[in-house]
Amino acid sequence: MKRNGETKRRRNVAEEAEQGGGGEDPAMWENLDRNFRQVQSVLDRNRSLIQQVNDNHQSRMADNMSKNVALIQELNGNISKVVSMYSDLNTNFSSAFHGAKNGHDGGGSAGTRAN
């Protein structure tokens with residue numbers, strides 16, 4: 001389920017990459033888009049985990065309630081992962097953007113994080 005704002009943002013990122021990003025390196029925008037997709041994947045997983053936790057809680061079955069422990073642990077780990085991914089995204093974008101403004105290669109290494 002894609003949100004309208006997310007679809008619009010992706011289209012703008014793609015257009016920026018095609019047009020050279022207003023002087024920026026298109027590879028930088030492609031890397032940012034790829035990283036945002038990775039973040040979105042984890043957020044989508046979190047949405048699913050939250051729904052499972054809610055369903056298990058509403059069932060009031062002991063077995064389902066005990067499953068919530070592992071689900072909540074995964075959710076907690078995913079939240080930490082998203083924070084780290086956003087931090088990396090910020091660092092990579094800042095480096096690439098400032099490097100491009102200073103006449104360096106703006107593509108940099110907008111690193112990707114394995115899930």
Side-chain angles (χ1 to χ4, degrees):
M1 178 170 105
K2 299 266 189 261
R3 293 193 175 123
N4 191 24
E6 178 190 345
T7 303
K8 188 175 181 179
R9 181 199 57 78
R10 284 190 179 177
R11 188 174 350 171
N12 289 342
V13 168
E15 288 171 2
E16 287 283 334
E18 288 174 8
Q19 297 169 1
E24 303 297 329
D25 184 0
M28 177 183 73
W29 294 109
E30 291 168 8
N31 285 330
L32 283 171
D33 188 53
R34 181 174 39 256
N35 290 339
F36 276 118
R37 287 175 193 262
Q38 289 176 337
V39 169
Q40 188 61 49
S41 174
V42 176
L43 293 173
D44 290 342
R45 174 65 180 153
N46 284 357
R47 182 181 305 118
S48 174
L49 289 170
I50 291 168
Q51 185 60 51
Q52 286 178 289
V53 168
N54 287 335
D55 291 346
N56 287 345
H57 183 73
Q58 289 176 355
S59 77
R60 306 227 185 256
M61 294 175 56
D63 187 47
N64 286 346
M65 297 291 264
S66 65
K67 289 177 184 177
N68 278 354
V69 172
L71 294 174
I72 292 170
Q73 287 173 337
E74 182 180 348
L75 184 59
N76 189 38
N78 285 352
I79 290 169
S80 296
K81 186 186 297 186
V82 167
V83 168
S84 179
M85 292 169 86
Y86 272 128
S87 176
D88 290 349
L89 241 163
N90 179 44
T91 301
N92 292 333
F93 177 76
S94 293
S95 296
F97 185 77
H98 291 301
K101 278 193 155 202
N102 294 329
H104 298 94
D105 179 13
S109 61
T112 58
R113 177 177 295 278
N115 289 337

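- For the pair S41 (side chain) and R37 (backbone), a donor-acceptor distance under 3.5 Å is absent.
- D44 and Q40 share a donor-acceptor pair across their side chains, judged by distance under 3.5 Å alone.
- Proximity of a side-chain donor or acceptor of S87 to a complementary backbone N or O of V83 within less than 3.5 Å is not detected.
- The CG atom of N78 sits 12.0 Å away from atom CD of Q73, with the distance rounded to the nearest 0.5 Å.
- Linking Ile, Leu, Val, Met, Phe, Trp and Tyr residues whenever their side-chain heavy atoms come within less than 4.5 Å leaves L49 and V82 in two separate clusters.
- Q51 CD to N56 CG: the interatomic distance, rounded to the nearest 0.5 Å, is 10.0 Å.
- Of the possible polar contacts, none joining the D33 side chain to the W29 backbone as a donor-acceptor pair under 3.5 Å is found.
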Side chain to side chain contact (heavy atoms under 4.5 Å, CB included) between E74 and R45: does it pass, once the steps are laid out? CA-CA 10 Å; E74 182 180 348; R45 174 65 180 153; 2.9 Å; yes
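- N31 places a side-chain N or O within donor-acceptor distance of the main-chain N or O of A27, the cut-off being under 3.5 Å.
- In this structure, the side chain of S66 engages the main chain of D63 through a donor-acceptor pair within 3.5 Å.
- From N54, atom CG reaches atom OG of S59 across 11.0 Å, with rounding to the nearest 0.5 Å.
- Note: N46 CG to L71 CG = 11.0 Å, rounded to the nearest 0.5 Å.
- Following chains of ILVMFWY side-chain contacts shorter than 4.5 Å, one can reach V39 starting from M28, so the two form part of one hydrophobic cluster.
- Hydrophobic clustering, with ILVMFWY side chains joined whenever heavy atoms are under 4.5 angstrom apart, keeps I79 apart from L43.
- Atoms CZ and CG, from F93 and L89 in turn, are 9.5 Å apart once rounded to the nearest 0.5 Å.
- Within the model, atoms NZ of K81 and CG of D88 stand 12.5 Å from one another, a figure rounded to the nearest 0.5 Å.
- Counting only distance, with no hydrogens or angles, the side chain of S84 and the backbone of S80 share no donor-acceptor pair below 3.5 Å.
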